[in-house]
Colleague: 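Mind having a look at this structure? Questions to follow.
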Amino acid sequence: HRDLHSFPTRRSSDLTDSTLIKYGLEKDAKVDITIFDLKGNIITKLVSAFKSAGHYETYFNVVNIPSGTYLCKMSINNNAELTRKILVTR
């Protein structure tokens, strides 16, 4: 019913300004992808939209993000599905 092949633990460095996040849906669904710091504060919402079945990409721009570990949480139809770490280093 859903194909969440995306975000393995990602590393962003000063050589890259963004981290690519890929995901796929087997059925139409409401998708939310949110980046949090380790204290649970929302850093940014990358996606908050209804999407048709298919494969998608989005980017987490880290240009103004301090070094550290962040969590990328993906929710499908308001159900938390997947959380991965993103390490930003400078």
Colleague: Listed by chain and number, what are the ring-ring contact (aromatic ring centres under 6.0 Å, His included) partners of Phe36, not counting sequence neighbours?
Modeller: none
Colleague: Hey, what do you get for NZ (Lys73) to CD1 (Ile42), rounding to the nearest 0.5 Å?
Modeller: 8.5 Å
Colleague: With Lys45, which residues qualify under salt bridge (Lys or Arg N to Asp or Glu O under 4.0 Å), at least two apart?
Modeller: Asp32
Colleague: Asp28: which residues meet the side-chain contact (heavy atoms from CB on, under 4.5 Å) condition with it, sequence neighbours left out?
Modeller: Phe50, Ser52, Ala53
Colleague: Taking all atoms of both residues into account, what is the closest heavy-atom pair of Cys72 and Ile21, and its distance?
Modeller: SG-CD1, 3.7 Å
Colleague: Taking all heavy atoms of Ile65 and all of Val88, pick out the closest pair and write down the distance.
Modeller: O-CG1, 4.0 Å
Colleague: Tell me, please, which residues at least two apart from Thr69 pass side-chain hydrogen bond (donor to acceptor under 3.5 Å, both in side chains).
Modeller: none
Colleague: Who are the side-chain hydrogen bond (donor to acceptor under 3.5 Å, both in side chains) partners of Asn61, not counting sequence neighbours?
Modeller: none
Colleague: Measure the NZ-CG distance between Lys39 and Asp37 for me, rounded to the nearest 0.5 Å.
Modeller: 7.0 Å
Colleague: Could you check whether any side-chain heavy atom of Ile76 comes within less than 4.5 Å of a side-chain heavy atom of Lys30, counting everything from C-beta outward?
Modeller: no
Colleague: Consider only side-chain heavy atoms of I, L, V, M, F, W and Y, link residues closer than 4.5 Å, and tell whether Phe60 and Val47 are in one cluster.
Modeller: yes
Colleague: Report the distance from atom OG1 of Thr58 to atom CE of Met74, rounding to the nearest 0.5 Å.
Modeller: 10.5 Å
Colleague: Distance check, rounded to the nearest 0.5 Å: Ile86 atom CD1 versus Ile35 atom CD1?
Modeller: 4.0 Å
Colleague: Rounded to the nearest 0.5 Å, what's the gap from OG1 on Thr19 to CG on Leu87? Could you check?
Modeller: 9.5 Å
Colleague: State which residues pass side-chain hydrogen bond (donor to acceptor under 3.5 Å, both in side chains) with Asn79; sequence neighbours excluded, sorted by chain then number.
Modeller: none
Colleague: Quick one: CG on Leu46 to OH on Tyr23, what's the gap to the nearest 0.5 Å?
Modeller: 9.0 Å
